[in-house]
Peer 1: 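Here it is, the structure in full.
Along the sequence shown, residues carry numbers from 1.
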Amino acid sequence: MARIIAIANQKGGVGKTTTAMNLAAALALAGRQCLLIDIDPQANTTSGLGLNKHKILGTFHVLLNPGRVGAALAKDVLDHLALLAASPALVNLEQTLATDRAPELKLVPIIEQLESDYDFILIDCPPSVGLLTRNALRASTGVIIPIQCEYYAMEGLSHILTTINNTPSRDGQALRVEGILFTMYDPDSGLAKEVIGEVEGHFPAQVYRIKIPRDTALGEAPSFGKSIFDYDIRSRGARAYMELAREVIIHGI
């Protein structure tokens with residue numbers, strides 16, 4: 001049975017999409033069957049892996065008609081990695097589902113169709129706690145929370161943890177925080193060390209050991225439609241995401 005993990009934080013610019021793309025690619029390189037679901041209307045994961053977000057049958061259509069999931073699935077993005085892509089049409093979902101009795105449960109039947117085929121299903125969420133993120137959380141078994149080493153990290157972390165604690169998973173149990181991931185880490189920054197110390201003091205068992213460094217290659221890779229491993233496998237970012245994949249795998253054993 002797949003581990004279903006939402007990559008979520010209501011704050012933008014914290015590395016959600018970079019993490020979703022490259023963690024999925026790292027898990028695939030490790031031989032795990034992985035599905036990446038993009039439910040962010042910006043569709044940066046989709047374009048970052050080389051798909052045209054304006055010319056795909058994506059998550060908007062599948063959320064309205066789960067029977068179309070087979071036609072929408074891009075199975076050959078990378079070896080062992082499939083993608084359920086996003087398109088800008090997702091911005092219309094909340095309005096389209098205005099009269100639906102359970103709009104936050106639209107992703108659940110899609111996951112149920114797919115989970116037996118994968119070891120991991122990762123969901124890239126938009127930077128909000130709106131309907132799309134609520135769908136991801138309700139369909140998931142756990143959450144990875146990327147945060148930056150900045151003064152407002154604890155405040156943003158507190159908000160997303162409140163949302164997680166108030167959101168049951170689809171089996172009615174509490175969602176598991178898989179881990180808190182520091183991104184854009186500068187080891188020479190005193191502020192970074194201070195913020196990490198504060199977060200680790202509050203959540204000692206939930207912070208990943210690996211910190212994702214600032215790395216130009218991580219920012220460049222999506223513009224070429226590639227994961228960091230296809231763009232520069234020797235980069236610091238590639239090494240960090242492989243280590244994150246190792247931690248994620250071990251945490252589930």
Peer 1: Within a strict 4.5 Å, meaning less than it, do heavy atoms of the Ile212 and Phe182 side chains meet?
Peer 2: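 The answer is no; the side chains never approach within 4.5 Å.
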
Peer 1: OG1 of Thr141 to CG of Leu175: how many Å apart, nearest 0.5 Å?
Peer 2: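 Those atoms lie 8.0 Å apart.
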
Peer 1: Would you check if the side chain of Ser223 reaches a backbone N or O of Glu220 as a donor-acceptor pair within less than 3.5 Å?
Peer 2: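 Yes, because the side chain of Ser223 sits within donor-acceptor range (under 3.5 Å) of the backbone of Glu220.
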
Peer 1: How many angstroms lie between NZ in Lys226 and CG in Leu78, if you round to the nearest 0.5 Å?
Peer 2: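 Answer for the NZ-CG pair, Lys226 versus Leu78, is 11.0 Å.
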
Peer 1: I'd like to know if the side chain of Gln10 reaches the main chain of His159, judged simply by a donor and an acceptor atom lying under 3.5 Å from each other, with no hydrogens or angles considered.
Peer 2: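 No.
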
Peer 1: Return the minimal non-hydrogen interatomic distance between Asp79 and Ala28, and the atom names on each side.
Peer 2: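 Scanning both residues, the minimum pair turns out to be O-CB, 3.4 Å.
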
Peer 1: For a quick test of reading the model, state the closest non-hydrogen atom pair linking Pro146 to Asn9 and the distance between them.
Peer 2: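 Minimum heavy-atom separation between Pro146 and Asn9: O-ND2, 2.9 Å.
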
Peer 1: Answer yes when Asp100 and Lys106 have at least one side-chain N-carboxylate O distance shorter than 4.0 Å, and no when they do not.
Peer 2: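 Yes, Asp100 and Lys106 are salt-bridged.
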
Peer 1: Please check if the side chain of Arg138 supplies one atom and the backbone of Pro168 the other of a donor-acceptor pair under 3.5 Å.
Peer 2: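 Such a contact is found between Arg138 side chain and Pro168 backbone.
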
Peer 1: Is the shortest side-chain heavy-atom distance between Ile4 and Glu115 below 4.5 Å?
Peer 2: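 SC-SC contact between Ile4 and Glu115 confirmed.
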
Peer 1: Heavy atoms only: give me the nearest Ala71-Leu57 pair and the separation to one decimal.
Peer 2: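 The answer is CB-CD2, 3.9 Å.
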
Peer 1: Compare all side-chain heavy atoms of Pro127 with those of Asp40 and state whether any distance is below 4.5 angstrom.
Peer 2: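 They are in side-chain contact.
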
Peer 1: Would you check, one step at a time, whether the test side chain to side chain contact (heavy atoms under 4.5 Å, CB included) holds for Ile123 with Leu107?
Peer 2: CA-CA 10 Å; Ile123 309 171; Leu107 189 56; 3.8 Å; yes

Peer 1: Any chain of hydrophobic side-chain contacts (each under 4.5 Å) joining Leu105 to Ile111?
Peer 2: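 Leu105 and Ile111: separate clusters.
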
Peer 1: Would you say the side chains of Asn44 and Thr17 form a donor-acceptor pair under 3.5 Å?
Peer 2: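 The criterion, which ignores hydrogens and geometry beyond distance, is not satisfied for Thr17 and Asn44.
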
Peer 1: Quick check: do Leu131 and Glu104 have side-chain heavy atoms less than 4.5 Å from each other?
Peer 2: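 Yes, at least one pair of side-chain atoms sits under 4.5 Å.
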
Peer 1: Mind running side chain to side chain contact (heavy atoms under 4.5 Å, CB included) on Leu191 and Cys149 for me, showing each step along the way?
Peer 2: CA-CA 7 Å; Leu191 174 60; Cys149 304; 6.0 Å; no

Peer 1: Measure across Ala245 and Leu23 and return the closest heavy-atom pair with its distance rounded to 0.1 Å.
Peer 2: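 Taking every non-hydrogen atom into account, CA-CD1, 3.7 Å.
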
Peer 1: Using side-chain heavy atoms (C-beta onward) and a distance below 4.5 Å, is Thr18 in contact with Thr183?
Peer 2: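 Sidechains of Thr183 and Thr18: no contact.
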
Peer 1: Taking the side chain as every heavy atom from C-beta outward, state whether Ile39 and Leu84 have any atom pair closer than 4.5 Å.
Peer 2: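 No, too far: nothing below the 4.5 Å cut-off.
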
Peer 1: Please round to the nearest 0.5 Å and tell me the distance separating atom CG of Leu157 and atom NZ of Lys11.
Peer 2: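 The CG atom of Leu157 sits 12.5 Å away from the NZ atom of Lys11.
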
Peer 1: Nearest heavy-atom pair of Ile228 and Ala238: which atoms, and what distance?
Peer 2: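 Reported closest heavy-atom pair: CG1-N, 3.7 Å.
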
Peer 1: Please confirm whether the backbone N or O of Pro103 pairs with a side-chain atom of Asn135, one donor and one acceptor, at under 3.5 Å?
Peer 2: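 Yes; judged by distance alone, with no hydrogens or angles, the pair exists.
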
Peer 1: Quick check on the hydrophobic clustering: are Val77 and Ile37 connected, directly or via other members, by side-chain heavy-atom contacts under 4.5 Å?
Peer 2: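 No; Ile37 is not reachable from Val77 via cluster members.
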
Peer 1: How long is the span from the CD1 atom in Ile145 to the OH atom in Tyr208, to the nearest 0.5 Å?
Peer 2: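 Between atom CD1 of Ile145 and atom OH of Tyr208 there are 9.5 Å.
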
Peer 1: Take Ser87 and Thr46 through the test side chain to side chain contact (heavy atoms under 4.5 Å, CB included) and record every step on the way to the result.
Peer 2: CA-CA 8 Å; Ser87 73; Thr46 296; over 6 Å; no

Peer 1: Identify whether Ile180 and Leu137 are in the same connected component of the hydrophobic contact network (ILVMFWY, side-chain heavy atoms under 4.5 Å).
Peer 2: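 Yes; Leu137 is reachable from Ile180 via cluster members.
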
Peer 1: Indicate yes or no: at least one non-hydrogen side-chain atom of Thr59 is less than 4.5 angstrom from one of Leu132.
Peer 2: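 No, side chains not in contact.
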
Peer 1: Backbone N or O of Val248 within a donor-acceptor pair of the Glu178 side chain at under 3.5 Å?
Peer 2: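 Such a contact is absent between Glu178 side chain and Val248 backbone.
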
Peer 1: Sub-3.5 Å donor-acceptor pair from the side chain of Asn165 to the main-chain atoms of Leu161, do we have one?
Peer 2: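 Pair found, side chain donor or acceptor close to backbone of Leu161.
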
Peer 1: In this structure, would Met242 and Ile210 fall into the same cluster of hydrophobic residues linked by side-chain contacts under 4.5 Å?
Peer 2: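 Yes, Met242 connects to Ile210 through the hydrophobic network.
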
Peer 1: Spell out, yes or no, whether Val195 and Val177 are grouped together once hydrophobic residues are joined by side-chain heavy atoms under 4.5 Å, including indirect joins.
Peer 2: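 Yes; Val177 is reachable from Val195 via cluster members.
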
Peer 1: Does Arg176 use its side chain to pair, donor to acceptor, with the backbone of Val143 at less than 3.5 Å?
Peer 2: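 Not confirmed, Arg176 side chain does not pair with Val143 backbone.
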
Peer 1: Checking Thr96 against Leu63 for the side chain to side chain contact (heavy atoms under 4.5 Å, CB included) test, could you report, in this order, the C-alpha distance in whole Å, the side-chain angles of both residues, the deciding distance, and whether it holds?
Peer 2: CA-CA 11 Å; Thr96 303; Leu63 287 166; over 6 Å; no

Peer 1: Applying the side-chain contact (heavy atoms from CB on, under 4.5 Å) criterion to Ile5, which one of Leu27, Leu122, Ile121 satisfies it?
Peer 2: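 Per the side-chain contact (heavy atoms from CB on, under 4.5 Å) rule, the option paired with Ile5 is Leu122, out of Leu27, Leu122, Ile121.
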
Peer 1: Of the non-hydrogen atoms in Asn22 and Phe229, which two are nearest, and what is the gap between them?
Peer 2: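 Nearest heavy atoms, Asn22 then Phe229: O-CE1, 3.3 Å.
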
Peer 1: Can you tell me how far the CG atom of Asp124 sits from the OG1 atom of Thr45, to the nearest 0.5 Å?
Peer 2: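 Reported value, rounded in 0.5 Å steps: 3.5 Å.
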
Peer 1: If we only count heavy atoms from C-beta on, is the Phe120 to Leu36 side-chain gap below 4.5 Å?
Peer 2: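 In short, these two side chains do not touch, never coming nearer than 4.5 Å.
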
Peer 1: Would you confirm whether Ser235, through its side chain, and Asp232, through its main-chain N or O, come within 3.5 Å as a donor-acceptor pair?
Peer 2: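 Such a contact is found between Ser235 side chain and Asp232 backbone.
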
Peer 1: To the closest 0.5 Å, what do you measure between CD (Gln206) and CD (Glu200)?
Peer 2: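 If we round to the nearest 0.5 Å, Gln206:CD and Glu200:CD are 12.0 Å apart.
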
